[in-house]
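Keep in mind the model is a prediction, meaning the values are calculated, not measured. These values consider heavy atoms only, across backbone and side chains, with no hydrogens, waters or symmetry-generated copies. Numbered from 1 within each chain, the chains take letters A, B, ... in sequence-line order.
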Amino acid sequence: MTAPWHVEFLKAIDVGEPIYRRCGACDAVGWPPRRSCPECGEPEMVDAPLSTRASVVSHTEITATIPKFSGETPYTVLIAEFEEGVRLTGQLRGEETIDRGDDVELGVERRDEDDWIVTFTPA
Amino acid sequence: MTVAIAGAASTKFGKHPDSSARQLFRDAAEDAIDRSSLAVGDVEAVYVGNFMGALTDDQGHMGALMADYVGVPEAMSTTVESACASAGAAVRQATQAIEAGVHDVALVGGVEIMFSTGIEKITDALANAADNEYENEVGLTFPGIYGLMASDYMTEFGATSEQLAAITVKNRENGVSNPISQFQEEVTVEEVLEARPIAPPLGMMDCCPITDGASAVVLVSETHAQERDRSPAVRIAGSGHAGDTIALQDRAELARTTAAERAAEQAYEAAGITPDDVDVSEVHDCFTIAEVLAVESLGFYERGEGASAAANGETAVDGRRPVNTSGGLIAKGHPVGATGAAQIVEIVKQLEGRHPNQVDDAEIGLTHNVGGSGASAVVHVLEAIA
Ligand SMILES: [Zn+2]
């Protein structure tokens with residue numbers, strides 16, 4: 001089940017206002033709902049606006065999956081890095097393949113009520 | 001107070017459609033207790049590694065269930081869950097309790113029933129070791145996570161699929177002579193390369209199988225063993241347990257397991273040894289790439305150089321750094337919650353000189369047990385008692 005914070009995170013991407021979290025004490029980066037900083041331990045991580053363009057770090061094609069994605073294989077999952085320094089995992093859209101270093105655009109897809117998925121489309 | 005391993009045993013790994021978690025664990029425990037020359041009634045505490053009983057078998061509270069069916073329902077018991085590192089963590093916690101003088105004799109092990117559950121449900125259950133929202137919800141499976149790590153490693157260091165395949169070939173060859181091993185047939189590099197893709201660059205034969213099995217070890221304080229005129233042959237010389245972020249995306253480097261580096265450092269320091277002192281190791285090769293990351297995190301190889309180890313024959317039984325002489329998770333099998341204890345069982349056999357793939361003059365052995373994609377790592381250093 002998707003937690004409320006996650007639905008909120010995905011909806012923000014959908015309306016074009018994606019966020020990440022930044023530590024007010026040491027500038028470390030992360031994702032909601034982190035509050036305690038993984039670098040310095042201070043509970044000072046707060047929302048900051050995130051760009052929508054990222055660069056592919058690694059990718060793989062999933063051919064055997066969990067029941068939720070049954071019948072949707074094969075699909076590609078990738079991790080992309082934003083200029084803010086955070087990395088996010090999502091499914092590739094728009095192309096069959098992608099390479100490390102390629103630019104991708106962040107998006108979301110609605111699958112069902114409160115069920116969203118992070119996507120990346122080649123820019 | 002030092003802790004010795006008085007007895008250690010595993011069931012056969014593979015399919016056990018006519019058995020159950022409580023029966024398999026009891027079988028392993030009975031064998032381990034028999035080998036220890038102690039009696040069931042001597043067991044003061046039971047620590048059980050288990051990952052998915054509550055998810056697939058409607059069974060939680062495994063510690064109490066196992067203590068009950070081993071025949072010591074009144075003993076203190078607990079379930080230890082650190083995903084695939086559950087039993088490694090259980091062994092370490094029991095060791096620390098004995099060191100602290102809390103128990104003299106503890107039965108520690110793990111059990112997992114996976115086969116009867118069905119592949120999609122098992123894939124789903126295994127995914128529980130990852131970050132649900134950030135990984136599972138985008139359809140990233142467990143092999144997928146390791147596929148991302150392998151892809152990153154190969155791009156970064158120029159490693160090849162042939163080098164990864166050599167790990168499966170080596171481990172499957174070792175499995176042939178190990179009677180408990182799930183797979184007992186050799187395979188070729190070509191067969192590994194041609195196997196069905198699962199999460200490229202990883203194919204079906206880069207992955208460990210789904211396994212039913214149980215392992216158990218009897219831990220005893222050396223003082224207690226002496227008082228009882230027992231002479232266990234192996235002691236736990238040192239251990240380490242460390243962590244990392246649960247989601248792969250939150251790590252600075254994908255193809256690096258820093259939790260295992262930290263756990264290894266702690267274990268080496270506690271044992272007063274260096275990586276070069278290790279004669280034989282059992283490492284967590286849930287996927288071929290995981291064995292590469294393991295030998296690098298343990299300090300056996302520099303980063304980027306671990307991929308060539310199996311292909312060059314260096315990690316073979318007669319190589320200069322034998323790794324996974326049992327067949328590893330890839331051949332022996334991976335009953336998730338039992339694996340950390342199964343590795344200890346195999347190293348005990350090596351240090352007692354009775355392993356089917358015996359390494360000459362093995363005196364110091366190591367186990368490396370990893371949970372999830374590396375958010376938990378437990379390392380043990382074992383030594384033969386002179
Ligand atoms: Zn901070």
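Of the options B:Val192, B:Asp206, B:Asn171, a side chain to side chain contact (heavy atoms under 4.5 Å, CB included) to B:Thr288 is made by B:Asp206 and by none of the others.
Classified by interplanar angle (parallel below 30°, tilted 30° to 60°, perpendicular above 60°), the ring pair A:Trp31/B:Tyr134 is tilted.
Interface check for chain A: of the options B:Ile198, B:Leu140, B:Leu254, the most heavy-atom pairs under 4.5 Å are formed by B:Ile198. Contacts with chain A were tallied for B:Thr123, B:Leu148, B:Leu126, B:Thr141; B:Leu148 has the most, counting heavy-atom pairs under 4.5 Å. Counting heavy-atom pairs closer than 4.5 Å to chain B, the top residue among A:Thr119, A:Ile79, A:Leu78 is A:Ile79. Options B:Glu120, B:Glu135, B:Arg196 differ in how many heavy-atom pairs under 4.5 Å they form with chain A, and the most are formed by B:Glu120. In terms of heavy-atom pairs under 4.5 Å with chain A, the best-connected choice from B:Ala255, B:Gly139, B:Gly147 is B:Gly139. The residue among A:Arg34, A:Glu81, A:Glu72, A:Arg111 with the most heavy atom pairs within less than 4.5 Å of chain B is A:Arg34. Ranked by heavy-atom pairs under 4.5 Å with chain B, the first of A:Val86, A:Ile66, A:Val118, A:Thr73 is A:Ile66. Note on B:Val138, B:Asn136, B:Thr155: by heavy-atom pairs under 4.5 Å with chain A, the leading option is B:Val138.
Here A:Arg87 does not pair with B:Asp250 in a salt bridge; the nearest charged N to carboxylate O distance is not below 4.0 Å. A salt bridge links A:Asp27 to A:Arg22: at least one charged side-chain nitrogen sits closer than 4.0 Å to a carboxylate oxygen. The pair A:Lys68-A:Asp115 counts as a salt bridge, with a side-chain nitrogen and a carboxylate oxygen less than 4.0 angstrom apart.
Of the two parts of B:Ala125, neither the backbone nor the side chain holds a non-hydrogen atom closer than 4.5 Å to a non-hydrogen atom of chain A. With a 4.5 Å cut-off on non-hydrogen atoms, A:Val57 touches chain B through its backbone and its side chain both. The contact between A:Pro67 and chain B is made by backbone and side chain atoms together, counting heavy-atom distances below 4.5 Å. Proximity to chain B involves both the backbone and the side chain of A:Ser70, based on heavy atoms less than 4.5 angstrom apart.
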Please tabulate, one pair per line, all N/O donor-acceptor pairs under 3.5 Å involving side-chain atoms of residues 97-106 of chain A, not counting sequence neighbours.
residue, atom, partner, partner atom, Å
A:Arg100, NH1, B:Asp152, OD1, 2.4
A:Arg100, NH2, B:Glu156, OE1, 3.0
A:Asp102, OD2, A:Asp99, N, 2.9
A:Glu105, OE1, A:Arg53, NE, 3.0
A:Glu105, OE2, A:Thr52, OG1, 2.7

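Between A:Tyr20 and A:Phe82, the ring center distance fails the sub-6.0 Å criterion.
Looking at B:Glu112 and B:Thr211, their side chains never bring a donor and an acceptor atom within 3.5 Å of each other.
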